[in-house]
Amino acid sequence: MKTLEPLIAEHPFFKNLEKSYLELIVGCASNVRFDAGQFIFREGEEANQFYIVRQGKVVIESCPPGRKPISLQTFSDGEILGWSWLVPPYHWQFDAKAVELTRAITFDGKCLRNKCLEDHSFGYELLSRLVPALGTALEAARMQLLDVYGVQQQQ
Amino acid sequence: MSDQVVMERNELNGLFTALQSQGYTIIGPTILDGAIVYDELASDKDLPEGWTDEQDGGIYRLKKRFDKALFGFVVGPYTWKRFLDPPEKRLWRAERDGKDFHIVPENETPPKYAFLGVRSCEIHAMAIQDRVFLQGEYHNTTYKSRRESALIIGVQCVQAGGTCFCVSMNTGPKALSGFDLALTEVIEENRHYFVVESGTIRGETIIAGLAVRPAKKTEVAEAEKRISHAAENMGRSLNTEGVRDLLVKNHDHARWDEVANRCLSCANCTMVCPTCFCSTVEDVTDITGEHAERWQKQDSCFTLDFSYLHGGSVRSSTRSRYRQWLTHKLATWIDQFDESGCTGCGRCITWCPVAIDLTEEVEAIRKSSSMESDPPIEKGKS
Amino acid sequence: MDTSNPMIPQPRKIKRVIRETHDTFTLCVEPETVELEKSFKPGQFNMLYAFGAGEVPISISGDPRKPDVWHHTIRDMGVVTRALTNLKAGDTVGVRGPFGSAWPVQESRGNDIVIIAGGIGLAPLRPAIYALLEERDQFGEIVLLYGARTQEDLLFTKEFERWRGKYGVQVRVTIDSAGRDWKGNVGVVTTLFPGVRFDPANSVAMICGPEVMMRFAVLELKNLGIEDRNIYVTMERNMKCAIGFCGHCQFGPSFICKDGPVFPFSEISPFFGIREI
């Protein structure tokens, strides 16, 4: 466990986090490894964790009935994966699958949720780091929605 | 150039015959369809003798004068640009030969024009178009050859029109240069004459063949008095101070919406403007598909197609098209060519069917402008 | 080109047509001999005329070191480009040009280079990439971030390996929409920044793509600390003459044909993003 601390402390997401909070986070973290093709989570399952991708590539997919799965976004080294653990009813909205061998750090969302409730300063600290990441993801999703590379249709 | 001379009214036709004998086609003011337009003149009889024009926002009408002035009006719906760069011209033809084709350029022998009755604002308009078509790396070849060969005979304005504001734009009413000859028409109780000034050697040569005599001081003073009178009676005025920043920085002003409610996007203002230069091209083929042509045609930023790009128009609203026209004319033109694109001739006000008046629009924006900062760069966030 | 009458296209033989994607192809045209001396600068464009159909501005996408062939990569999206699609090797096309401003290749020596391309936007950037790689040691890191709609829309993919392997270019590719067989990145082009090595304080960025994409890219580059004057973008508007006479391509005070199409962002930033400008 101790070996994870410098790794987490150096990650931009946790940078300059108060020492006691960092210890708390490290206490909730563990290493995970996914083989290529392995699902990390599936739509509808309980969402009780989030991930920092250390090395590899993860794809978020949706599989509409009667169609092939659609890739929505990929996550690679250093990126934060998952936020459904923070929003009731804590269920994943999409599938996440390792495209290649992927090593990641997983964080116990249930534990962190409870800590946030107990200690609002900690909760604020964590959320103020997560919200920008969500914002970026939302912007990116909107951009994709624009289909900027497509041939415009007459307005 | 040289001292001014005087030519009596009844000697004016001598100027016509002199020009004609030198092979010039004389283009000047004449009455057509209830307006004074520029067209080919055979003699001084074609001039609008005894007529004047009454002008205001959206209003133009001819009225009889109480005298027999030949140039007793201001400017009409025509401009000289139609003779310097025709509103429609074939650029070239293409002929197919098998898998290949070859291009046959349109080689024009430029007409030898003498423009008679060019006003100061119009001389400035030509100088403005010179910068557009002749100043850069490439030249508009038709314009170049026609412009170089055209003889400019100016007429100094001795009265101002209801929509004139050349004084505000520093383009008149007195032409100081840019002409070969300049006439000032003076009508006294028992006398009708022209004070004539030459601006070039070409002009001197023409004067030399006319029945003229040196002007007396009193005659020159009479002419100057009348030009001053025109300067003091401008129908409109425009405060040009800081107008570049005023318009550029107020791109989001509510006045653009307001004017868009009135503007019909009819493009009249651009058609009558002596400096508007935009054009489009049209490619045509005949039924055999062996013969193709490219035509260049006058175009206007008020048309929807003007800004068409990949399936849509960039300026799809009238608001944006009026803004483009006015901002270009009075503001970004300065960035592009170091001077305003407006000469204050007032044609766009007169010929607007709903009497939109750019001097009024600028003033409205000026009165309610909030220009503290540069236009914001759109933030991607929302 | 013959400057005496810049509106006259020169008929040129098409040497070769390269099918790039389902809707994009490259016309390889032999320029006139006298034009060889002048060549073209990366970022410049030609006006291509399809007999009877009309003329369109097309950027030159080939190698400026090989000026004996001009490459024009064209996406079939309108009447004229459709007519150009139908041309084959041996046919004739009308050419006017080259026109316009260039990417600041020599001017950027000693810097890291960040190139961001979207869709067909990689075409006008390719000559710049060739020019950069020609004197690779003059530059620090070279980054290419490339986004397209789908895997099928990606251009010049065969060259990416050489650029990566031989020249150490950090080439990152992403697409907006992917199926299961795609193992690469999915997401917009700005999501490619994490993990890319370059020094924002000493970088020159060159962007070409749809205007909306460029807005996001510029914003991201500014967030990373690249100054406006070191960000270059290409603009596109309706264009009829390419020499500043027709008035169509005006963007605020700029004529895109003669002042652009490549602009330092600092020059156009007051107008960039204004609606219907």
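In this text, all values refer to a predicted model and were calculated from it rather than measured experimentally. Reminder, nothing fancy here: chain letters follow the sequence lines and each chain counts from 1.
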Distance from [X] atom [atom1] to [Y] atom [atom2], nearest 0.5 Å?
X: Q324(B); Y: I277(C); atom1: CD; atom2: CD1; answer: 7.0 Å
X: D305(B); Y: N238(C); atom1: CG; atom2: CG; answer: 8.5 Å
X: C241(C); Y: L91(B); atom1: SG; atom2: CG; answer: 10.5 Å
X: F306(B); Y: C246(C); atom1: CZ; atom2: SG; answer: 6.5 Å
X: R323(B); Y: R275(C); atom1: CZ; atom2: CZ; answer: 11.0 Å

Going through the distances and angles, do D299(B) and H248(C) end up as a side-chain contact (heavy atoms from CB on, under 4.5 Å)?
CA-CA 9 Å; D299(B) 201 5; H248(C) 282 247; 2.9 Å; yes
With a 4.5 angstrom heavy-atom cut-off, is it the side chain or the backbone of [X] that approaches chain C, or both, or neither?
X: Q129(B); result: neither
X: H291(B); result: backbone
X: D286(B); result: neither
X: E290(B); result: backbone

Would you say P9(C) and W92(B) make side-chain contact, with heavy atoms under 4.5 Å?
yes
Could you check if a side-chain atom of Q296(B) sits within less than 4.5 angstrom of a side-chain atom of K240(C), using non-hydrogen atoms only?
no
Do the side-chain N and O atoms of T332(B) and Q250(C) include a donor-acceptor pair separated by under 3.5 angstrom?
no
Minimal non-hydrogen separation, [X] against [Y], with atom names:
X: T285(B); Y: G52(C); result: CG2-CA, 3.3 Å
X: C278(B); Y: G247(C); result: SG-CA, 3.6 Å
X: S317(B); Y: E276(C); result: N-OE1, 2.7 Å
X: G289(B); Y: F51(C); result: O-CE2, 3.2 Å
X: I103(B); Y: I8(C); result: CG2-CG2, 3.8 Å
X: K99(B); Y: T92(C); result: O-OG1, 3.5 Å

Highest number of heavy-atom pairs under 4.5 Å with chain C: which of C276(B), S320(B), S279(B), A331(B)?
S279(B)
Go through it in stages, so that I can follow the logic: the residues are S307(B) and R237(C), the test is side-chain contact (heavy atoms from CB on, under 4.5 Å), and I'd like the CA-CA distance, side-chain angles, deciding distance and then a yes or no.
CA-CA 7 Å; S307(B) 61; R237(C) 284 292 182 272; 5.9 Å; no
Between L87(C), V93(C), V212(C), the one whose heavy-atom pairs under 4.5 Å with chain B are most numerous:
V93(C)
Are any of the side-chain nitrogens in K13(C) or D100(B) under 4.0 Å away from the carboxylate oxygens of its partner?
yes
Give a yes or no on whether a salt bridge exists between E55(C) and R294(B), defined as a side-chain N under 4.0 angstrom from a carboxylate O.
yes
Could you walk me through whether N5(C) and Y138(B) pass the side-chain contact (heavy atoms from CB on, under 4.5 Å) test, one step at a time?
CA-CA 8 Å; N5(C) 192 344; Y138(B) 302 106; over 6 Å; no
Do F277(B) and F245(C) have ring centroids that are under 6.0 Å from one another?
no
Tell me whether the count of non-hydrogen atoms from other residues, nucleotides or ligands lying under 6.0 Å of CZ in R262(B) goes above 12.
yes
Hey, what's the ring geometry for Y49(C) with F101(B), parallel, tilted or perpendicular (30° and 60° as the breaks)?
perpendicular
